[in-house]
Amino acid sequence: MAKDLARYARRRRKNWTILGLSLCATGVGLFFLGAILYSLLVEGLSAIRPSLFTEMTPAPGSDGGLLNAIYGSVVMTIVGTVVGTPIGILVGTYIAEYSRGNKLGQAIQFINDVLLSAPSIIVGLFVYQLLVVPMGHFSGWAGGTTLAILVVPVVTRTTVDMLVLVPNALREAAAALGTPKWKITVSVCYRAARQGMLTGIMLAVARISGETAPLLFTVLSNQFWSTDMNHSIANLPVVISNFALSPYPDWQRLAWGGALLITITILILNITARSLASFGSSKQ
Amino acid sequence: MVDIPSSNSGLRLRGPQHLYDGLFRGATLFFGLFILFILGGVAISLVIGSSEAYRNFGLKFLVIDTWNPATNKFGALVPIYGTLITSLIAMVVGIPLSFGVAVFITELCPPMLKRPLSIAIELLAGIPSIIYGIWGLFVFAPFLQEHLQPFLIHTIGKVPLIGALFAGPPFGIGILTAGLILAIMVLPFISSIMRDVFETVPPMLRESAYGLGCTTWEVVWRVVLPYTKVGVVGGIMLGLGRAMGETMAVTFVIGNAHRITSSLMAPGTTISSALANEFTEASGSIYQSSLIALGLILFVITFIVLAAAKYMLIRMQRQAGN
């Protein structure tokens, strides 16, 4: 009896120790999130001034802002999203609505999921070979193309996930009214899945707005104001990377400011997207 | 689809709709194939780009440990070693952490906190690589240099055999720092998949085990984990694939030194950081071709790992479906 009790006590001790460790693991995860955000706020807030949004990237030692980099990033993100989103939605539609589990559909979904996690630097190398080498110089278009390629798998994935959730009865009801298939997809299925698809697009934008590595090979950066998409244009991630690695305190401060700007944008996009998704699911 | 609009009024309505239907279906199929084309295009462009390196160095490229732009002698051994060892550290540290987080969220967490906690952990995945890089370089590396690394050097560093791994001066930046940052970066990916697969365990199984008097830990270890092991391994491999391809964070903190040292605290390099650092400055076609060859190696390794991960997760999904 005493032996049994001792054994029971040991099992309980082990249980609590390990569950305590799992609590610690969660604490570690949250700690790092907090630590990163804290450093960003402490170092970055001092750089957030009106001039950050109105002046160009400076020469070392002089004052300036990140206007050209912000502009370049916004333009390329828009290009990437505008090009990548329709493609992603169409691919998702093929997988969910047309292939309905055939081999080709499965293959496309499989490859899409691999692309979703594939290193972005490889995509950068691909676009470098595809566009930069033939054109002979880095360009904003090449950057936009890279970002579009990164957007497609994210949008495809969420589109498939959302379209699969649309009840078949809706499609059948529409078909019974004589609606052609394309119209069922666009007017019924897309509408039912709208919220989830929007979430996917926002997550895709969040993902590409911080991408750095592939842009190093495709747009590089530019010290000056430029709106010419045929040449290198400044963009936040690459400017942040260059400035952070520079020995000049002014540049490093701007890098922290830019980093804070990007992170806030991405966190807002992420949180909005996720609460949108949960709002949608709680309504159903 | 050969139904062309005709004078028949009934068909006139049907006709264009058939055409639209065909066009829409065609468009979705076209872009579906486009996905396959992108993957094929990536592979082909990397093979073409790296052909010069392979012609010059042959398969020995994989085992040569020199990387000398001045003499045009290139070998991939050092970056491959760096990629593997940093990912290994990331897995050794990251897997238990992710497992802990997943267990906490599925088994212990009050239902009210579940969602906010999951979102908070997933926000870690949303923070871009470059932010981890800056933070790692300016905050985390100095912290390691002052606290963790001297401690490791004076304790484990004195132990024979494994001591060599923790020997040498504390640089702050280096392979260990890169591995630890990668561990934080893969945590949200692995833990969210583990959480998802843990939740597919039928409540009946859990409850039966509790009914027999199992503790929470015993339920997790002997019921939940065996039931979900395929999915858990899939999640881990997905994290591994991410860790191997991660670029900016590693580039900032690894020190970019083309050499293999026994100590984990020494600076090193990985495939992705070598690419990010040197590609735009690479002069000479052999130099650039060698870098693209590195990219090809990374592509092949990550493709295999990610495809295996995906395969396991699909198997898990089927099992959960039944």
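Keep in mind that this is a model prediction, so the values were computed, not measured. Here is the naming used below: chain letters follow the sequence lines, and residue numbers restart at 1 for every chain.
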Say you draw a straight line from [atom1] of [X] to [atom2] of [Y]; how long is it, rounded to the nearest 0.5 Å?
X	Y	atom1	atom2	result
A:Phe110	B:Leu39	CZ	CG	10.5 Å
A:Ile95	B:Ile35	CD1	CD1	7.5 Å
A:Leu33	B:Glu122	CG	CD	12.0 Å
A:Leu19	B:Thr215	CG	OG1	7.5 Å
A:Thr26	B:Phe104	OG1	CZ	5.0 Å
B:Leu296	A:Leu125	CG	CG	10.0 Å

I'd like to know which of [options] tops the heavy-atom pair count under 4.5 Å against chain B.
options	value
A:Ser39, A:Gly178, A:Ser117	A:Ser117
A:Leu269, A:Val114, A:Asn112	A:Val114
A:Thr93, A:Thr156, A:Ile87	A:Ile87
A:Ile240, A:Val152, A:Val127, A:Leu37	A:Ile240
A:Thr17, A:Ile108, A:Val133, A:Thr263	A:Ile108

Proximity breakdown for [X] and chain A, heavy-atom pairs closer than 4.5 Å:
X	result
B:Leu33	both
B:Leu97	both
B:Thr247	side chain
B:Ile131	side chain
B:Ile314	side chain
B:Tyr132	side chain

| said: I'd like to know if B:Arg25 pairs up with A:Glu97 as an ion pair, taking the criterion as any Lys NZ or Arg NE/NH1/NH2 lying under 4.0 Å from an Asp or Glu carboxylate oxygen. | reply: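 Between A:Glu97 and B:Arg25 there is no salt bridge, as every charged N stays at least 4.0 Å from the carboxylate O atoms.
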| query | So, B:Asp21 and A:Lys181, do they make that salt bridge, N to O below 4.0 Å? | reply |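 Salt bridge between B:Asp21 and A:Lys181, a charged N being under 4.0 Å from a carboxylate O: no.
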Considering all heavy atoms, the nearest [X]-[Y] contact:
X	Y	result
B:Ala276	A:Leu216	O-CD1, 3.8 Å
B:Ser45	A:Phe126	OG-CD1, 3.4 Å
A:Ile122	B:Gly295	CD1-O, 3.2 Å
B:Ile130	A:Pro237	CD1-O, 3.2 Å
A:Ala107	B:Leu36	O-CD2, 4.3 Å
B:Gly100	A:Ala25	CA-CB, 3.9 Å

Proximal component of [X], with respect to chain B [non-hydrogen, under 4.5 Å]:
X	answer
A:Val28	side chain
A:Leu40	side chain
A:Gln252	side chain
A:Ala244	both
A:Leu104	side chain
A:Ser120	neither
A:Leu115	side chain
A:Ile18	side chain
A:Ile89	neither
A:Leu260	neither
A:Val186	side chain

| task | Measure from the ring center of A:Tyr128 to the ring center of B:Phe279 and say whether it is less than 6.0 Å. | result |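 For A:Tyr128 and B:Phe279, the ring centres are under 6.0 Å apart.
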| field | Heavy atoms from other residues, nucleotides or ligands near OH of B:Tyr210 exceed 12 (cutoff 6.0 Å) | value |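 Yes - once you tally the heavy atoms of other residues, nucleotides and ligands closer than 6.0 Å, there are more than 12.
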| query | Does atom OH of B:Tyr20 have more than 12 heavy-atom neighbours from other groups under 6.0 Å away? | reply | no
Can you check whether [X] reaches [Y] side chain to side chain, under 4.5 Å on heavy atoms?
X	Y	value
B:Met248	A:Ser241	yes
A:Trp256	B:Phe138	yes
B:Leu117	A:Leu30	yes
A:Val91	B:Thr28	no
A:Pro180	B:Phe24	no
A:Lys14	B:Glu218	no
B:Val42	A:Val123	no
A:Ile266	B:Leu123	no

Give the member of [options] that has the highest number of heavy-atom pairs under 4.5 Å with chain A.
options	answer
B:Thr280, B:Val103, B:Ile127, B:Ile184	B:Ile184
B:Leu291, B:Leu29, B:Ile38, B:Ile121	B:Leu29
B:Phe303, B:Phe252, B:Phe299, B:Phe30	B:Phe252
B:Val139, B:Thr302, B:Thr216	B:Thr216
B:Leu313, B:Leu187, B:Ile292	B:Ile292

| query | Given the rule in the side chain to side chain contact (heavy atoms under 4.5 Å, CB included) test, do B:Leu108 and A:Ser22 qualify, once you have shown the distances and angles that lead to the verdict? | reply | CA-CA 9 Å; B:Leu108 286 179; A:Ser22 86; 3.7 Å; yes
| message | Parallel, tilted or perpendicular: which one describes the rings of A:Phe32 and B:Phe140, with boundaries at 30° and 60°? | response | perpendicular
| message | For A:Phe217 and B:Leu275: C-alpha separation, side-chain torsions, deciding distance, then whether side chain to side chain contact (heavy atoms under 4.5 Å, CB included) applies. | response | CA-CA 9 Å; A:Phe217 304 161; B:Leu275 275 168; 4.1 Å; yes
